[in-house]
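In this text the structure is predicted, and so the values were computed from the model without any measurement.
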Number of protein chains: 2
Amino acid sequence: MDDRPTRKALPRLDESLLTHLPPFSRLDRRQIRTILDQATSRRYEEGVAVFHEGAPAERFHLLLDGYIRVVRITPTGEQVTALHIPAGQLFGIAQALGRNTYPATAITAAESIALSWPMRLWQAFVTEYDGFATETYRTVGNRVGEMNNRIVEMATLRVEQRVATALLRLVNQTGRKVEDGIEIDFPITRQDLSEMTGTTLHTVSRLLSAWEKDGLVRSRRKRVTVRDPHALVELTQA
Amino acid sequence: MDDRPTRKALPRLDESLLTHLPPFSRLDRRQIRTILDQATSRRYEEGVAVFHEGAPAERFHLLLDGYIRVVRITPTGEQVTALHIPAGQLFGIAQALGRNTYPATAITAAESIALSWPMRLWQAFVTEYDGFATETYRTVGNRVGEMNNRIVEMATLRVEQRVATALLRLVNQTGRKVEDGIEIDFPITRQDLSEMTGTTLHTVSRLLSAWEKDGLVRSRRKRVTVRDPHALVELTQA
DNA sequence: TCCGCAGTTTGCGCTGCCGCAAATCACGCC
DNA sequence: GGCGTGATTTGCGGCAGCGCAAACTGCGGA
């Protein structure tokens with residue numbers, strides 16, 4: 001159980017990397033080979049931006065390992081996290097929706113590995129590869145759904161409920177089973193949680209302290225383990 | 001100046017209805033004729049649902065006249081308005097993003113006229129009509145952008161700023177120039193505004209009263225006129 | 001013309017959450 | 001092993017905005 005960050009190695013660009021991912025799962029080995037040959041792979045340290053809001057959308061990306069936080073920065077410098085993207089998904093695909101700049105900034109929430117392709121290949125992917133467009137749009141649809149949920153939450157839930165919801169979502173999406181519960185398997189600070197829920201790190205800290213006292217969660221620096229998910233669910237409905 | 005609701009007449013399904021709308025603007029008369037021949041047109045009273053959240057997405061729609069509010073209803077019965085759609089746009093197109101049920105309820109914010117087509121024609125439209133898919137996805141992209149803005153607003157702005165922002169957005173999207181300012185040209189209640197901003201109708205009422213006293217807005221029952229947009233913009237930044 | 005109701009206004013008290021401030025803690029580095 | 005920095009905790013005071021309640025008003029229908 002060593003938490004020391006082991007430097008992730010760039011994988012060999014092997015066909016098996018893509019075969020199980022929805023946008024590529026219908027393709028044959030030769031097609032995937034072509035796709036891989038056109039890709040650039042790169043490792044990103046934790047907290048690094050893959051691309052910035054407003055920059056021309058020159059490449060689209062596939063996250064092979066790690067996590068991405070999609071954030072926007074307000075005129076006053078506050079960050080708001082709009083979305084979390086787990087490994088295995090495309091990101092930076094605003095082009096598919098007719099945008100030519102990135103609408104938000106993508107920051108790695110943990111050390112990550114991503115492939116990317118120049119945007120000019122997008123059209124080729126869509127027309128040549130069966131199921132690519134459909135699956136991509138399905139991904140977009142899911143993200144739209146999540147955003148919609150976020151709006152409803154922000155409009156109707158109190159802070160405590162929002163933080164509980166955020167924790168549960170992270171646990172569901174990226175939870176790793178550990179001895180005494182489920183741990184969110186990337187580093188996450190009080191600040192991060194506050195940016196996801198529209199509150200302050202102080203309030204998040206108070207909530208986590210209270211929950212820890214009641215045995216609902218356990219948290220160390222940059223780490224959160226949920227011990228009693230059911231109790232958290234209760235909280236979201238209170 | 002008669003505000004009496006005059007019953008809107010169903011238009012003749014004339015080619016000119018569609019020629020200036022982006023998803024159809026590249027098509028020739030014959031194509032548009034075909035599209036119109038397959039369409040059903042219908043008038044909706046104010047406040048009527050065109051489709052309901054969770055229902056199978058059987059038809060997609062084009063709003064010819066009026067306004068649509070896209071709302072979601074929470075388990076506790078609260079309504080949250082996610083989006084406003086003005087005349088000229090497609091709606092109920094979740095299918096384009098791989099969904100097979102409607103993710104939200106569409107309610108007319110004013111008496112409205114809409115065309116609709118059965119979902120099975122969607123694929124045909126996409127493949128046969130040049131530019132249809134692209135423009136549709138562009139519309140989706142814009143809506144995603146708006147939703148993103150909503151999230152950022154909810155997370156960072158105070159209630160007063162959110163209500164001011166909502167008013168400005170409505171004025172920009174659907175404003176009609178009148179004698180002493182710009183009027184939102186469909187009926188809108190304090191309740192509606194509160195559902196757009198995640199607050200209560202009481203708070204909205206207090207804000208509007210205060211603004212009216214300062215000459216920023218003028219409001220009657222279900223009507224709001226913005227007299228000093230610039231001052232409202234100031235408010236959103238304060 | 002009158003009535004009823006949906007929409008609106010306003011007062012009052014309370015509290016959830018923020019802002020500020022300061023202390024403490026835990027990790028990585030030298 | 002000590003130090004510095006970033007992360008976390010906690011206390012305290014203040015107030016924005018909510019909940020509740022009650023009164024008012026303009027519009028449409030009978």
Side-chain angles (χ1 to χ4, degrees), chain A residues 2-7 45-47 76-79 109 111 153-164 166 184 186-195 197-214 217-225 235-236 238, chain B residues 1-7 45-47 76-79 109 111 153-164 166 184 186-214 217-225 235-236 238:
Chain A
D2 189 356
D3 262 352
R4 196 65 49 75
T6 53
R7 189 180 171 105
E45 303 287 347
E46 177 191 334
T76 61
E78 292 162 291
Q79 288 199 7
E111 193 185 14
E153 283 164 23
M154 298 285 291
T156 60
L157 300 186
R158 283 174 299 107
V159 167
E160 182 182 47
Q161 301 175 306
R162 296 208 300 271
V163 176
I184 294 165
F186 60 84
I188 185 159
T189 65
R190 311 291 183 264
Q191 175 79 27
D192 293 333
L193 279 167
S194 74
E195 287 171 5
T197 50
T199 178
T200 63
L201 81 161
H202 306 278
T203 299
V204 172
S205 178
R206 282 179 246 266
L207 288 172
L208 286 183
S209 295
W211 292 342
E212 177 132 23
K213 190 148 58 64
D214 296 345
V217 304
R218 200 166 61 84
S219 65
R220 318 196 288 298
R221 172 178 258 239
K222 286 196 177 196
R223 288 282 158 194
V224 179
T225 304
L235 272 184
T236 66
Chain B
M1 266 267 211
D2 189 355
D3 263 353
R4 196 66 47 76
T6 52
R7 188 180 170 104
E45 303 286 346
E46 177 190 333
T76 61
E78 292 163 292
Q79 287 200 7
E111 193 185 14
E153 282 163 25
M154 299 284 293
T156 60
L157 301 186
R158 282 174 299 107
V159 166
E160 182 183 48
Q161 302 175 306
R162 298 208 298 270
V163 175
I184 295 166
F186 60 85
I188 185 159
T189 65
R190 310 292 184 262
Q191 175 80 27
D192 292 334
L193 280 168
S194 74
E195 287 172 4
M196 296 174 60
T197 50
T199 178
T200 63
L201 82 161
H202 306 278
T203 298
V204 171
S205 178
R206 282 180 246 267
L207 288 171
L208 287 182
S209 296
W211 292 342
E212 177 132 24
K213 192 148 57 65
D214 295 345
V217 304
R218 202 166 59 85
S219 65
R220 318 197 289 296
R221 173 179 258 239
K222 285 196 176 195
R223 288 283 158 191
V224 179
T225 304
L235 272 183
T236 65

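B/Ser209 has a side-chain polar atom (N or O) that falls below the 4.0 Å cut-off from OP1 or OP2 of C/dT10. Distances shorter than 4.0 Å separate none of the side-chain N or O atoms of A/Ser205 from OP1 or OP2 on D/dT8. Distances shorter than 4.0 Å separate some side-chain N or O of A/Thr199 from OP1 or OP2 on C/dC18. In this structure, B/Thr203 reaches the D/dC18 phosphate: one of its side-chain N or O atoms is under 4.0 Å from OP1 or OP2. At the phosphate of C/dC17, neither OP1 nor OP2 sits under 4.0 Å from any side-chain N or O atom of A/Thr200.
The CD-P distance, from A/Glu195 to C/dC18, rounds to 14 Å in whole Å. Between the CG atom of A/Leu207 and the C1' atom of D/dT9 there is a distance of 13 Å, rounded to whole Å. Counting to the nearest Å, the C1' atom of D/dC18 and the CZ atom of B/Arg162 are 12 Å from each other. One atom, CE of A/Met154, and another, P of D/dG17, lie 14 Å apart when rounded to the nearest Å. Rounded to whole angstrom, the span from the CG atom of B/Leu208 across to the P atom of C/dT9 amounts to 7 Å. Per the geometry, CG belonging to A/Leu157 stands 15 Å off C1' belonging to C/dC17, to the nearest Å. C/dG16 atom C1' lies 12 Å from atom CD of A/Gln161, rounded to whole Å. Taking atom CG of residue A/Leu201 and atom P of nucleotide C/dC17, one finds them 16 Å apart after rounding to whole Å.
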So A/Glu160 and A/Leu235, side chain to side chain contact (heavy atoms under 4.5 Å, CB included) or not? Walk me through it.
CA-CA 8 Å; A/Glu160 182 182 47; A/Leu235 272 184; 4.0 Å; yes
Test log, rule salt bridge (charged side-chain N to carboxylate O under 4.0 Å, His left out), inputs B/Lys222 and B/Glu46
CA-CA 12 Å; B/Lys222 285 196 176 195; B/Glu46 177 190 333; 3.4 Å; yes
For the pair A/Trp211 and A/Val163, evaluate side chain to side chain contact (heavy atoms under 4.5 Å, CB included) and give the outcome as yes or no after the intermediate values.
CA-CA 11 Å; A/Trp211 292 342; A/Val163 176; 3.9 Å; yes
Could you walk me through whether B/Leu193 and B/Ile188 pass the side chain to side chain contact (heavy atoms under 4.5 Å, CB included) test, one step at a time?
CA-CA 7 Å; B/Leu193 280 168; B/Ile188 185 159; 4.0 Å; yes
Stepwise side chain to side chain contact (heavy atoms under 4.5 Å, CB included) check, B/Thr199 with B/Val204
CA-CA 7 Å; B/Thr199 178; B/Val204 171; 3.8 Å; yes
Can you give me the N/O atom pairs linking the protein to nucleotides 14-16 of chain D at distances under 3.5 Å, or say none if there are none?
none

Between the protein and nucleotides 20-24 of chain D, which nitrogen or oxygen pairs come in under 3.5 angstrom?
{"from": "D/dA21", "atom 1": "N6", "to": "B/His202", "atom 2": "ND1", "distance (Å)": "3.4"}

Tabulated below should be each protein N or O lying under 3.5 Å from an N or O of nucleotides 5-7 of chain C; please produce it.
{"from": "C/dA6", "atom 1": "N3", "to": "B/Arg221", "atom 2": "NH2", "distance (Å)": "2.5"}
{"from": "C/dG7", "atom 1": "O4'", "to": "B/Arg221", "atom 2": "NH2", "distance (Å)": "3.2"}

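Side-chain atoms of A/Thr236 and A/Arg162 include no donor-acceptor pair closer than 3.5 Å.
Looking at heavy atoms from C-beta onward, B/Thr197 lies out of side-chain contact with B/Thr203 at the 4.5 angstrom threshold.
Separating the OG1 atom in B/Thr225 from the CZ atom in B/Arg218 is a distance of 5.0 Å, to the nearest 0.5 Å. Atom OG1 of A/Thr189 and atom CD of A/Glu195 lie 7.0 Å apart (nearest 0.5 Å). Separating the CZ atom in A/Arg158 from the CD atom in A/Glu153 is a distance of 13.5 Å, to the nearest 0.5 Å.
A side-chain donor-acceptor contact under 3.5 Å links B/Ser209 to the backbone of B/Ser205. When atom types are taken as modelled, the side chain of B/Glu78 and the backbone of A/Thr156 share no donor-acceptor pair closer than 3.5 angstrom.
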